[in-house]
2 protein chains.
Amino acid sequence: MPNSARPRWPAAAELPDGHVATGLLLQMAHRAAHDRLAAELKPLGMDIRHFGILQFLARGGLTQRQLIDLVGVDKSTLVRIIDQLEEQGLAVRTRDPHDRRAFQVTVTERGRERLAAANAVAADLGDHLFGWLGAGDRRRLHELLQRIIQQAHERG
Amino acid sequence: MPNSARPRWPAAAELPDGHVATGLLLQMAHRAAHDRLAAELKPLGMDIRHFGILQFLARGGLTQRQLIDLVGVDKSTLVRIIDQLEEQGLAVRTRDPHDRRAFQVTVTERGRERLAAANAVAADLGDHLFGWLGAGDRRRLHELLQRIIQQAHERG
DNA sequence: TATTGTTATACTCTATAACTATA
DNA sequence: TATAGTTATAGAGTATAACAATA
């Protein structure tokens with residue numbers, strides 16, 4: 001597993017001045033949360049990249065094309081991801097009756113079980129990471145993050 | 001450049017429930033800011049990975065060993081990064097007089113100029129992304145992010 | 001002619017291991 | 001014997017392009 005010893009960047013936290021510090025903290029917080037989730041999902045046999053895909057699939061079967069639009073990966077990349085999910089028996093491809101070029105990708109029963117276990121782990125971790133936030137702080141944090149995302153997509 | 005068409009994840013933003021949404025927003029905000037910075041640094045001939053390294057070096061020459069401890073990458077990876085910086089004339093290796101096994105890595109004049117240009121771009125982008133935050137919100141955001149980082153490193 | 005999906009291939013990034021030169 | 005750095009090499013992840021089947 002690559003990157004098990006992770007850059008802790010501002011090693012003891014000598015943050016730069018100004019807004020760069022905000023960006024760096026954003027990166028550090030994301031990475032810390034991401035790595036922690038990946039580590040906790042691993043013993044369940046759940047890859048963190050598969051986790052996101054399965055979330056979408058759990059709401060209803062989708063074609064690979066639809067998944068590509070949701071997730072944004074290249075189609076050839078998605079082929080391999082779905083291959084892996086099929087190998088693990090977590091999802092299956094079935095021909096779309098309306099468009100016989102396309103496959104419907106569906107979560108299997110086994111996939112649902114594993115996803116449920118992963119969701120439980122993710123919920124526990126979420127409680128640990130974010131549960132201390134008061135309702136107001138949580139709402140405010142979401143607002144701020146969404147505004148940042150919006151700003152990043154706007155020219156200026 | 002790989003990943004130019006980036007996952008926008010919750011494409012129109014159908015966020016999941018609970019704390020998972022917070023983690024996802026964290027990821028989206030980080031990635032949006034990161035990609036935007038990378039895009040704006042590129043025309044200056046500044047790779048975003050080099051940007052961080054140069055920041056550290058600008059405060060004073062460091063050996064590769066010291067950089068490894070700061071940044072957390074593998075030593076063989078760092079060799080290539082320093083090679084690239086040297087090829088571009090942004091940094092140089094000189095023998096450490098006290099320990100002739102080691103190299104001191106120093107930013108060149110050209111490196112300082114390019115770093116200054118990159119810092120100006122980063123500062124402008126920071127203003128755009130985060131400048132709308134009031135002083136209080138900014139402080140609070142930093143506190144929240146630091147607490148999240150801390151929680152992620154604690155067992156629970 | 002355009003689109004869904006597959007395959008073959010290549011590129012990037014990074015880590016592991018073996019090596020050298022110093023200490 | 002241990003450490004700083006280099007090199008060779010392999011692996012993971014992803015993209016590009018050519019292709020098959022269907023629309």
Side-chain angles (χ1 to χ4, degrees), chain A residues 1-9 27 31 34-35 38-39 41-42 46-53 57 61-88 91-106, chain B residues 1-9 27 31 34-35 38-39 41-42 47-53 56-57 61-88 91-106:
Chain A
M1 169 177 285
N3 270 350
S4 58
R6 229 51 191 298
R8 23 206 203 309
W9 273 77
Q27 163 157 343
R31 191 136 81 177
H34 175 278
D35 290 0
L41 289 180
K42 199 181 175 187
M46 175 67 79
D47 181 284
I48 194 170
R49 259 173 306 262
H50 296 170
F51 185 51
I53 303 266
L57 291 177
L62 296 169
T63 66
Q64 293 182 207
R65 178 71 210 150
Q66 290 171 317
L67 275 170
I68 286 165
D69 290 336
L70 280 170
V71 176
V73 298
D74 186 83
K75 56 185 181 174
S76 68
T77 302
L78 187 64
V79 166
R80 289 191 46 179
I81 294 175
I82 306 298
D83 283 351
Q84 291 161 358
L85 288 174
E86 273 199 324
E87 282 163 22
Q88 296 182 66
V92 286
R93 278 183 254 237
T94 52
R95 280 286 172 198
D96 184 327
H98 303 301
D99 182 346
R100 290 180 40 221
R101 293 171 303 182
F103 282 116
Q104 282 280 339
V105 185
T106 328
Chain B
M1 172 176 283
N3 270 351
S4 58
R6 228 51 190 297
R8 20 197 206 312
W9 272 77
Q27 163 157 343
R31 192 136 79 176
H34 175 278
D35 290 0
L41 289 180
K42 198 182 176 186
D47 182 286
I48 195 170
R49 260 173 304 262
H50 296 170
F51 184 51
I53 303 266
F56 283 118
L57 291 177
L62 297 167
T63 65
Q64 294 183 206
R65 177 71 210 149
Q66 290 171 317
L67 275 170
I68 286 164
D69 291 337
L70 279 171
V71 175
V73 298
D74 185 82
K75 57 184 180 174
S76 69
T77 301
L78 187 64
V79 167
R80 290 193 44 181
I81 294 175
I82 306 298
D83 284 351
Q84 292 160 359
L85 288 175
E86 274 201 324
E87 284 162 21
Q88 296 182 67
V92 285
R93 280 182 254 236
T94 52
R95 281 286 172 199
D96 184 329
H98 303 303
D99 181 346
R100 290 183 37 224
R101 294 170 302 182
F103 284 116
Q104 284 278 339
V105 185
T106 328

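By convention in this document, chain letters (A, B, ...) are assigned in the order of the sequence lines, proteins followed by strands, and residues within each chain are numbered from 1.
- For A:D96, there are no salt bridge (Lys or Arg N to Asp or Glu O under 4.0 Å) partners, not counting sequence neighbours.
- Proximity of a side-chain donor or acceptor of A:E86 to a complementary backbone N or O of A:D83 within less than 3.5 Å is not detected.
- Not a single donor-acceptor contact under 3.5 angstrom links the side-chain atoms of A:T63 to the base of C:dT4.
- Computed from coordinates, the B:Q66 CD to D:dA4 P distance equals 10 Å when rounded to whole Å.
- Rounded to whole Å, the distance from CD1 on A:I48 to C1' on D:dA12 is 16 Å.
- C:dG5 atom C1' lies 13 Å from atom CG of A:L67, rounded to whole Å.
- Considering B:L70, B:L67, B:L62 as possible partners of B:I53, the one that fulfils the side-chain contact (heavy atoms from CB on, under 4.5 Å) test is B:L67.
- Atom CG in B:D74 sits roughly 16 Å away from atom P in D:dA8 (whole-Å rounding).
- The base of C:dT14 is not paired with the side chain of B:S76 by any donor and acceptor separated by under 3.5 Å.
- Here the shortest heavy-atom pairing between B:Q66 and B:T63 reads OE1-N, 2.8 Å.
- Every residue two or more places apart in sequence or in another chain that forms a side chain to side chain contact (heavy atoms under 4.5 Å, CB included) with B:F51 is listed here: B:L37, B:L41, B:M46, B:Q55, B:L115, B:A118, B:N119, B:A122.
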Kindly give the atom pairs (protein nitrogen or oxygen, nucleotide nitrogen or oxygen) under 3.5 Å for nucleotides 19-23 of chain C.
unit_1 : atom_1 : unit_2 : atom_2 : d
C:dA23 : OP1    : B:R100 : N      : 2.8

Can you give me every donor-acceptor pair (side chain of residues 74-82 of chain B, partner residue at least two apart or in another chain, under 3.5 Å) with its distance?
unit_1 : atom_1 : unit_2 : atom_2 : d
B:D74  : OD2    : B:S76  : N      : 2.9
B:D74  : OD2    : B:S76  : OG     : 2.8

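- In this model, the phosphate group of D:dT6 is approached by a side-chain N or O of B:Q64 to a distance below 4.0 Å at OP1 or OP2.
- Regarding contacts with the backbone of D:dA23, every side-chain N or O of A:R65 stays at 4.0 angstrom or more from both OP1 and OP2.
- Among residues two or more places apart in sequence or in another chain, the salt bridge (Lys or Arg N to Asp or Glu O under 4.0 Å) test is passed with B:R65 by B:D69.
- Between A:I53 atom CD1 and D:dG13 atom C1' the separation is 14 Å, expressed in whole Å.
- For DNA chain C, the residues of residues 77-85 of chain B within the heavy-atom distance limit of 4.0 Å (strictly under) are B:T77, B:R80, sorted by number.
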